[in-house]
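Since the model is a prediction, treat every value here as computed from it, not as a measurement.
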Amino acid sequence: MIKTIKKEKYFLLTIFFISFLIRGLVFYFYLSKDKNYWQVDSNTYHKIAESIVQGKGISIGEKPQFYRLPGYSIFLSIYYNIFGTDPKNVLWMQIFLASFIPILIFFLSLVFFPYNFLLAKVSSLYSCFHLGLVLYSSFFMTESLFIFFLLLFSFLFFSSFHLFFCKIQNKHQFFILKKLFFAGIFLGAASLVRPVGHYIVVLSILLLLFSKGILKNKLKKAFVFIIGWLLVVIWWLLRNFLITGCVFFHTLPGGHFLYLSAARVAMYPQNCSYWQARRNLSKEVESRRIKKEKLLKRKLNEIELCYIRENVAIKYFKQYPFLSIKNWITDILRTSFSLYSAELVLLDHNREGINYFKKGRTVLDMFKRYLPPKVSSNFLFIVIFFEILTFLFVFIGFVLGFIKNIVNFCKFKLKMKPKLKSMFCVWLRIVPLIFLFIIVGLSGGFNRMRLPVEPFLIILSFSFWIWILKKKILKVINGV
């Protein structure tokens, strides 16, 4: 890897410069104006960061905070503590960090496809211009910091194991354990930024159990990996336990599933609007809270309220399973196909968003928003059209590549040629992680839920297109 850095140092420096220049220009000339960088959740992270700087801990005012994970606010507080609490200029630190993401994609590509420098270069160069990665580097949100840690974890984790039927060279066990330990540390850091890290831990352990080697070594790898992860997150879990008496990461699931999912189910049997259904569910939660407090003779803490909201949501999911599944599938489709330029459309309409959860809104209605997009300038129209074309290019490449590998497996099974088997092994390691992020978008269905796995989609998609291109070139050469 050191040889790779030396060999490609000028390319990597160029990639960083291009990445930083594009993100800096977009922020300076557009997103920094009229607080376009400010999002719905931004103020919460800002207030917690201020409390950290003031020595009040992870809190808002004097009240301990459990709803949001602390990682992003801690990141902000580093800048606040040195330069003052400026929520706009702190984003330059975030833009600088996000400019390394294309470089991390370069190295991650080489983990999956060693010595394929063309693929690594094309993937990293494309990520410099990827609209989602560009926009979210300048939003006052967690995405860029999370992706940075996720890519560091992925680089170390995926370079430490292969599936049991894949042909590989044996590596020194100590070196592998060391990489898995640090992979756990970086995943722990990511777990304190976005509430999906514990799901990735479970998936990672499953992948390690299906890796090459004897069971004893697999368990040792999983143990070392978990220890690295726990070293980072244990303080947060312990803090929450000492304050509330419960071990948990955050209280977001209660309100998230109640208002973004269960309310959309309840509005049909209750024959009311989405917003009225939300109010009705809130009254039901309040009624349960009062009964519980009378029984316990004390006020409920935030995690106990979270559990009540979850129970109310689950009640509606059980009562109306088909409505629930329909909404979840809709949200998974939204997660998979929503454009990142939707944020630009929202800003162009002065943040007057459409009612995503309006009763009777179909999947087709979601696409009509962009066919054609109603924006005030030709430049925005071109940006949206550009994203549609590039999204389709990456998506089609991913789907065709996936089908190609499935067909090869069904045709040859484990008697594939070494190159085909190696390719299949790569896809089989990555696809579960991609599906995980898509599935967790089943309640809400926001495009940013897909953003962390865009680097993997880019690498796999371009691996297919480059294979097609090389095949065509070889045909031309052989024809001549």
Asks: Is Phe96 atom CZ crowded by more than 12 heavy atoms from other residues, nucleotides or ligands, each under 6.0 Å away?
Replies: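 Counting neighbours around CZ of Phe96, 12 or fewer heavy atoms of other residues, nucleotides or ligands fall under 6.0 Å, so no.
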Asks: Please check: side-chain N/O of His162 versus main-chain N/O of Cys425, any donor-acceptor pairing under 3.5 Å?
Replies: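 Answer holds: no.
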Asks: Indicate the atoms forming the closest heavy-atom contact of Phe106 with Leu12, along with that distance.
Replies: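 Of all heavy-atom pairs spanning Phe106 and Leu12, the closest is CD2-CD2, 3.7 Å.
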Asks: Do Tyr45 and Gln39 meet the criterion of a side-chain donor-acceptor pair at a distance under 3.5 Å?
Replies: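 No.
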Asks: Not counting sequence neighbours, list each pair that qualifies as a side-chain hydrogen bond (donor to acceptor under 3.5 Å, both in side chains) and has a residue in residues 382-395.
Replies: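 Applying side-chain hydrogen bond (donor to acceptor under 3.5 Å, both in side chains) to every pair that reaches into residues 382-395, excluding sequence neighbours, yields Ser341-Glu387.
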Asks: Taking side chain as C-beta onward, heavy atoms only, is Tyr72 less than 4.5 Å from Phe140?
Replies: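 Yes, their side chains come closer than 4.5 Å.
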Asks: Just checking Trp427 against Phe398, ring centres under 6.0 Å apart?
Replies: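 Under 6.0 Å, so yes.
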Asks: Would you say that Phe446 contacts Ser338 through its side chain, given a criterion of any heavy-atom pair below 4.5 Å between the two side chains?
Replies: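 They are not in side-chain contact.
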Asks: Within the structure provided, determine whether Leu442 and Phe257 are in side-chain contact (heavy-atom separation under 4.5 Å).
Replies: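 Yes. Closest side-chain heavy atoms under 4.5 Å.
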Asks: Are Asn405 and Leu428 close enough, and set up right, to give a side chain to side chain contact (heavy atoms under 4.5 Å, CB included), and what steps lead you there?
Replies: CA-CA 9 Å; Asn405 278 273; Leu428 205 56; over 6 Å; no
Asks: With under 30° as parallel and over 60° as perpendicular, where do the rings of Tyr126 and His130 fit, or are they tilted in between?
Replies: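 Rings of Tyr126 and His130: perpendicular, over 60°.
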Asks: Drop me the distance from Tyr67's OH to Thr44's OG1, to the nearest 0.5 angstrom.
Replies: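 Interatomic distance, Tyr67 OH to Thr44 OG1, rounded to 0.5 Å: 8.5 Å.
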Asks: Ignoring hydrogens and geometry, is there a side-chain-to-backbone donor-acceptor pair from Ser109 to Ile105 under 3.5 Å?
Replies: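 No: the side chain of Ser109 does not pair with the backbone of Ile105.
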Asks: Should the pair Phe249 and His198 be assigned to parallel (<30°), tilted (30 to 60°) or perpendicular (>60°) ring geometry?
Replies: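 Phe249 and His198: parallel rings.
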Asks: Main chain of Ile58, side chain of Arg239: is a donor-acceptor contact present, judged purely on distance under 3.5 Å?
Replies: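 Yes; at least one donor-acceptor contact below 3.5 Å.
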Asks: If you measure from the Lys or Arg side-chain nitrogens to the Asp or Glu carboxylate oxygens, is any gap between Arg264 and Asp331 under 4.0 Å?
Replies: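 Yes, Arg264 and Asp331 are salt-bridged.
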Asks: Got a second to check how far Arg448's CZ is from Thr335's OG1, nearest 0.5 Å?
Replies: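 Separation between the atoms: 10.0 Å.
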Asks: Is Leu156 close to Leu152 at the side-chain level, that is, under 4.5 Å between some pair of heavy atoms?
Replies: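 Contact flag for Leu152/Leu156 side chains = no.
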Asks: A side-chain contact here means heavy atoms from C-beta on lying under 4.5 Å apart; do Leu230 and Val233 qualify?
Replies: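 In short, these two side chains touch, coming nearer than 4.5 Å.
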Asks: To the closest 0.5 Å, what do you measure between CD1 (Ile468) and CG (Leu400)?
Replies: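 That separation rounds to 7.5 Å.
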Asks: Quick test of your reading: applying side-chain hydrogen bond (donor to acceptor under 3.5 Å, both in side chains), list the pairs with at least one residue in residues 134-144, sequence neighbours left out, ordered by first then second residue.
Replies: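 Residue pairs passing side-chain hydrogen bond (donor to acceptor under 3.5 Å, both in side chains), neighbours aside: Tyr136-Glu343, Tyr136-Asn447, Glu143-Arg194.
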Asks: Identify the two heavy atoms, one from Gly197 and one from Leu187, that lie closest to each other, and give their separation to 0.1 Å.
Replies: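 In terms of heavy atoms, the two residues are closest at O-CD2, 4.2 Å.
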Asks: Cation-pi between Lys404 and Trp467: NZ/CZ under 6.0 Å from ring centre and within 45° of the ring axis?
Replies: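 Yes.
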Asks: Between Leu133 and Ile147, is any pair of side-chain heavy atoms under 4.5 Å apart?
Replies: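 In short, these two side chains touch, coming nearer than 4.5 Å.
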Asks: Looking at side-chain heavy atoms only, is the closest gap between Phe113 and Phe462 below 4.5 Å?
Replies: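 Not in contact.
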Asks: Quick one, Trp92 and Phe27 - any side-chain contact, counting heavy atoms below 4.5 Å?
Replies: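 Result yes, sub-4.5 Å side-chain heavy-atom pair found.
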Asks: When the ring planes of Phe317 and Trp328 are compared, do they come out parallel, tilted or perpendicular, using 30° and 60° as the limits?
Replies: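 It falls in the perpendicular class, over 60°.
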Asks: Measure across Ile95 and Gly24 and return the closest heavy-atom pair with its distance rounded to 0.1 Å.
Replies: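 Scanning both residues completely, I find the closest heavy atoms to be CG2-N, 4.2 Å.
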Asks: Taking the side chain from Ser124 and the backbone from Lys121, do they hold a donor-acceptor pair closer than 3.5 Å?
Replies: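 Indeed, once roles are kept as given, a pair shorter than 3.5 Å links the two residues.
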Asks: With side chain to side chain contact (heavy atoms under 4.5 Å, CB included) as the test, would you mind laying out the steps for Tyr307 and Glu302 before giving the verdict?
Replies: CA-CA 9 Å; Tyr307 293 151; Glu302 287 191 41; over 6 Å; no
Asks: Are the side chain of Gln65 and the backbone of Arg68 linked by a donor-acceptor contact shorter than 3.5 Å?
Replies: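 Checking the backbone N and O of Arg68 against the side chain of Gln65, a donor-acceptor pair under 3.5 Å is found.
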Asks: Taking all heavy atoms of Phe391 and all of Ser336, pick out the closest pair and write down the distance.
Replies: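 Closest pair (atom of Phe391, atom of Ser336, distance): CZ-O, 3.5 Å.
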Asks: Judged by modelled atom types alone, do Arg23 and Ser19 share a side-chain donor-acceptor pair under 3.5 Å?
Replies: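 The criterion, which ignores hydrogens and geometry beyond distance, is satisfied for Ser19 and Arg23.
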Asks: Is there a side chain to side chain contact (heavy atoms under 4.5 Å, CB included) between Leu69 and Val193? Walk through the geometry before answering.
Replies: CA-CA 6 Å; Leu69 289 167; Val193 178; over 6 Å; no
Asks: Of all the heavy-atom pairs spanning Phe248 and Asn240, show the shortest one and how long it is.
Replies: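 Reported closest heavy-atom pair: O-ND2, 2.9 Å.
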Asks: Strictly by side-chain hydrogen bond (donor to acceptor under 3.5 Å, both in side chains), give each pair with a member in residues 216-236 just once, sequence neighbours left out.
Replies: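 Passing the test, one end in residues 216-236: Ser191-Trp229.
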Asks: Would you compute the distance between atom OH of Tyr79 and atom CE of Met93 and round it to the nearest 0.5 angstrom?
Replies: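 These two atoms lie 8.5 Å from each other.
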Asks: As an exercise, state the distance from CD1 of Ile103 to CG of Leu108, rounded to the nearest 0.5 Å.
Replies: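 Here the rounded value is 13.5 Å.
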Asks: Is the Phe148 ring parallel, tilted or perpendicular to the Phe100 ring (thresholds 30°, 60°)?
Replies: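 Perpendicular, since the angle between the ring planes exceeds 60°.
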Asks: According to the interplanar angle, ranging from 0 to 90°, do the rings of His46 and Trp38 count as parallel (below 30°), tilted (30 to 60°) or perpendicular (above 60°)?
Replies: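 His46 vs Trp38 ring planes: perpendicular.
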Asks: State yes or no: are the ring centers of Phe157 and Phe186 separated by less than 6.0 Å?
Replies: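 No, too far apart.
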Asks: Within a reach of under 6.0 Å around CZ of Phe393, are more than 12 heavy atoms found that belong to other residues, nucleotides or ligands?
Replies: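 Yes, the 6.0 Å shell around CZ holds more than 12 heavy atoms from other groups.
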Asks: So, for Cys128 and Ile22, which heavy atoms are closest and what is the spacing to 0.1 Å?
Replies: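 In terms of heavy atoms, the two residues are closest at O-CD1, 3.7 Å.
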Asks: Would you sort out whether Phe181 and Phe225 count as a ring-ring contact (aromatic ring centres under 6.0 Å, His included), showing the intermediate values?
Replies: CA-CA 5 Å; Phe181 176 75; Phe225 172 70; over 10 Å; no
Asks: OG/Ser123 to CD1/Ile458 distance, rounded to the nearest 0.5 angstrom?
Replies: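 The CD1 atom of Ile458 is 7.0 Å from OG of Ser123, to the nearest 0.5 Å.
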Asks: Using the side chain to side chain contact (heavy atoms under 4.5 Å, CB included) rule, take Leu104 and Phe155 through it: C-alpha gap first, then chi angles, then the decisive distance, then the call.
Replies: CA-CA 8 Å; Leu104 294 176; Phe155 173 77; over 6 Å; no
Asks: Run the ring-ring contact (aromatic ring centres under 6.0 Å, His included) check on Phe129 and Phe386 step by step: do they pass?
Replies: CA-CA 11 Å; Phe129 302 91; Phe386 171 78; 8.1 Å; no
